[in-house]
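Fair warning: this is a prediction, and the values are worked out from it, not measured in the lab.
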Protein chains: 2
Amino acid sequence: MATLSQRHVVIERSQLPDLCVGCDSRAASVCNAIEDRDMARLAAITTSSEAPVGRVFIQEGESADNFFNITLGTARLFKLLPDGRRQITGFVGPGHFLGLAVSDTYAFSAEAMEPVRFCRFSRPRLRVLLDDFPALEKRLLEVAATELVAAQEQMLLLGRKTAVERLASFLLAQSVMGVPCGHPRAHLTLKMTRGDIADYLGLTIETISRTLTRLRNERLIDIPSTTDVIIRNHAALVNLAGGLNRSPTA
Amino acid sequence: MATLSQRHVVIERSQLPDLCVGCDSRAASVCNAIEDRDMARLAAITTSSEAPVGRVFIQEGESADNFFNITLGTARLFKLLPDGRRQITGFVGPGHFLGLAVSDTYAFSAEAMEPVRFCRFSRPRLRVLLDDFPALEKRLLEVAATELVAAQEQMLLLGRKTAVERLASFLLAQSVMGVPCGHPRAHLTLKMTRGDIADYLGLTIETISRTLTRLRNERLIDIPSTTDVIIRNHAALVNLAGGLNRSPTA
DNA sequence: CGGTCACTTGATCGTCTTCAATACCAGTGG
DNA sequence: CCACTGGTATTGAAGACGATCAAGTGACCG
């Protein structure tokens, strides 16, 4: 088990570019954020497991006994209302930590979108580890702060942006996902369904579909297939999205 | 300066009840979260300042040079869109830390709702302090995690709840604000305007007003003055709000 | 080839917004 | 004491954006 998860960790790190050391978005990746020796120590106390597509491997409200470190695949994080309305709070991939919940229960659910492999370790064990490696704790704090900033941006989106603006913001965010420093990608391959996007942006499937075709008709994007989007007019999208982290001139 | 802020800190702590040591919501207060000796050390490197009502003492997009620790008063945190639309991400009072931003610029603005007094200290200084006191860092992590959970709850509210549900959730949240463990207060005195509430809940002033009167007509609340709300039917509000952190039965 | 699932597109509906008028309250100065 | 002012809240009427309801298309797969 230990050796298995250890190998995953190594694979993870070797996949990541070694440049971009001083980059902002580097903090977003927990993988990059942890020293090699810490990662080894981390791997030693984890148990690796897998979740098939559709499996909810973290259930909101259940006892938050474990921390998770995704090593492969993608998952959606979401919260539900009693009548089934769903809000997706994020999509997470390799390198992401889950389970920072303070209370004794998880604050959200996590469901595998692709087959997901993750390392799991108990809270007490993490506590010990954090005591031994303050650097790890520092990094975790950075990660939490990064997510907090992202959450605030999402609040702005959900509370104040129109449908087009939300979709523009979403596409732009997707275009820089996993691109540490360089230029944003123009070709996106979405791993989520329209329903996922809708529940992430606080809209409905139909509105997502309509708005996408509208953006296509206005030549801002192309949609070669339902999973692929090509950004044709990046500047216009940025403008629509509300400047994308601009400093307000008002 | 140092002695001044130190006195504030002492005042802060003495105002807080010493019970409720094992309580969940204790983590939300940074004041409670820091050891006495750490607080003294903290106070030693801070400079205390004040902001009059309406003063924006943190500006989104500006260089994030300082951390802030509110010691008196209340402030609204918000983000703006280029055309002036505002999303309030939170209301913060004494004990709250600000400036956890990872990037080199603040991710939000902060404006004094009442006269605000705060201790300010530079990031490098905080870094030194965190190195000396791992316990402080651990607490900060808890605080960040708590805020993250709150942010996710707010995303659910903004993305998926109706106007009544949002207002019900808001009133209930207000009723437990500053009440660490005990029963929620029935009598609320709101420090924010309708406009603030609107920008916090992703609605308009008019909708807030209408929805409040609707709740009053349905005998769920009373509104003795524009700033005061009395919760008459707590259970009904909880039901409206969507169970309030319930574990979804679906 | 039939079935399922996801997506698209159209028509209608409802909630919240927008626009507008009025009421309210505190502070200020005549 | 009362009129005046500016900010804030309430209430009404009309409008818009997105939701809902519904039908149809296309891709994938047994």
Side-chain angles (χ1 to χ4, degrees), chain A residues 53-54 76 81 83-88 111 113-114 157-171 188-218 221-229 240, chain B residues 52-54 76 81 83-88 111-114 157-171 188-218 221-229 240:
Chain A
V53 173
R76 46 182 155 250
L81 286 172
D83 63 359
R85 277 173 288 173
R86 181 179 69 161
Q87 177 65 39
I88 292 184
E111 178 181 0
M113 300 164 64
E114 313 170 290
L157 182 148
L158 293 171
R160 286 298 175 225
K161 287 187 182 177
T162 67
V164 224
E165 291 167 346
R166 294 183 200 199
L167 214 17
S169 306
F170 172 74
L171 292 176
L188 313 179
T189 301
L190 306 174
K191 290 184 176 175
M192 65 287 288
T193 68
R194 299 286 186 269
D196 286 334
I197 302 176
D199 285 351
Y200 181 59
L201 300 180
L203 300 168
T204 61
I205 296 181
E206 295 92 330
T207 299
I208 299 296
S209 186
R210 272 187 254 273
T211 308
L212 277 175
T213 49
R214 183 177 149 193
L215 288 175
R216 176 173 52 72
N217 292 341
E218 292 167 359
I221 62 173
D222 261 6
I223 312 176
S225 82
T226 58
T227 60
D228 290 63
V229 174
L240 262 184
Chain B
V53 174
R76 46 182 155 250
L81 286 173
D83 62 359
R85 277 173 288 172
R86 181 179 69 162
Q87 178 65 39
I88 292 184
E111 177 182 0
M113 301 164 63
E114 314 169 289
L157 181 148
L158 293 170
R160 285 300 177 221
K161 288 187 182 178
T162 67
V164 225
E165 290 167 346
R166 294 182 199 200
L167 214 17
S169 304
F170 172 74
L171 292 175
L188 313 179
T189 301
L190 306 174
K191 292 183 174 175
M192 64 289 286
T193 69
R194 299 286 187 270
D196 287 334
I197 302 176
D199 285 349
Y200 182 58
L201 300 181
L203 300 169
T204 61
I205 297 181
E206 295 92 328
T207 301
I208 300 296
S209 187
R210 274 186 252 273
T211 309
L212 277 175
T213 49
R214 180 177 151 193
L215 288 175
R216 177 174 51 73
N217 292 342
E218 290 168 0
I221 62 173
D222 261 7
I223 312 175
S225 82
T226 58
T227 60
D228 290 62
V229 173
L240 261 184

Review point. Roughly, in whole Å, what's the span from CZ in B/Arg166 to C1' in C/dT17?
Key: 13 Å
Practice item. Report, as a single string ordered 5' to 3', how protein heavy atoms within less than 4.0 Å touch nucleotides 6-12 of chain D: B base, S sugar-phosphate only, - not at all. Key: ---SBBB
Practice item. Applying side-chain contact (heavy atoms from CB on, under 4.5 Å), name anything that partners B/Ser209, two or more places apart in sequence or on another chain. Key: none
Point to revise | Residue list, side-chain contact (heavy atoms from CB on, under 4.5 Å) with B/Asp222, at least two apart or on another chain | key: B/Pro224, B/Ile230, B/Arg232
Exercise for review: List for me each residue that meets side chain to side chain donor-acceptor pair (under 3.5 Å) alongside A/Thr189, sequence neighbours excluded, and say none if there are none.
Suggested key: A/Asp228
Check your understanding: To the nearest Å, how far apart are A/Ile197 CD1 and D/dG18 P?
Key -> 16 Å
Exercise for review: Calculate, to the nearest 0.5 Å, the distance between atoms OG1 and CZ belonging to B/Thr211 and B/Arg166 respectively.
Suggested key: 10.0 Å
Review point. Can you tell me how far CG of B/Leu167 sits from CD1 of B/Ile221, rounded to the nearest 0.5 angstrom?
Key: 7.0 Å
Review point. Which pairs count as salt bridge (Lys or Arg N to Asp or Glu O under 4.0 Å) when at least one residue sits in residues 192-204 of chain A, sequence neighbours excluded?
Key: A/Arg76-A/Asp196, A/Arg86-A/Asp196, A/Arg86-A/Asp199, A/Asp199-B/Arg160
Check your understanding: A/Arg160 CZ to C/dC16 P: how many Å, rounded?
Key -> 13 Å
Dump the pairs, protein N or O against N or O of nucleotides 26-30 of chain D, anything under 3.5 Å, distances to one decimal.
none

Review point. To the nearest Å, how far apart are A/Arg214 CZ and C/dT8 P?
Key: 16 Å
Practice item. List in chain and number order the residues that pass side chain to side chain donor-acceptor pair (under 3.5 Å) with B/Thr213, two or more places apart in sequence or in another chain; answer none if no residue qualifies. Key: none
Exercise for review: May I have the distance from A/Leu215 (atom CG) to C/dT8 (atom C1'), rounded to whole angstrom?
Suggested key: 15 Å
Practice item. Let me know the distance between CG of A/Asp228 and P of C/dA6, rounded to the nearest Å. Key: 18 Å
Check your understanding: Using a cut-off of less than 4.0 Å, is there contact between a side-chain N or O of A/Thr204 and OP1 or OP2 of D/dA19?
Key -> yes
Exercise for review: Kindly state each residue pair satisfying salt bridge (Lys or Arg N to Asp or Glu O under 4.0 Å) with at least one member in residues 200-214 of chain B, sequence neighbours excluded.
Suggested key: B/Arg214-B/Glu218
Exercise for review: Go through the structure and list residues passing side-chain contact (heavy atoms from CB on, under 4.5 Å) with A/Thr162, not counting sequence neighbours.
Suggested key: A/Val164, A/Glu165, B/Arg85
Review point. C/dG14 P sits how many Å from B/Leu203 CG, rounded?
Key: 20 Å
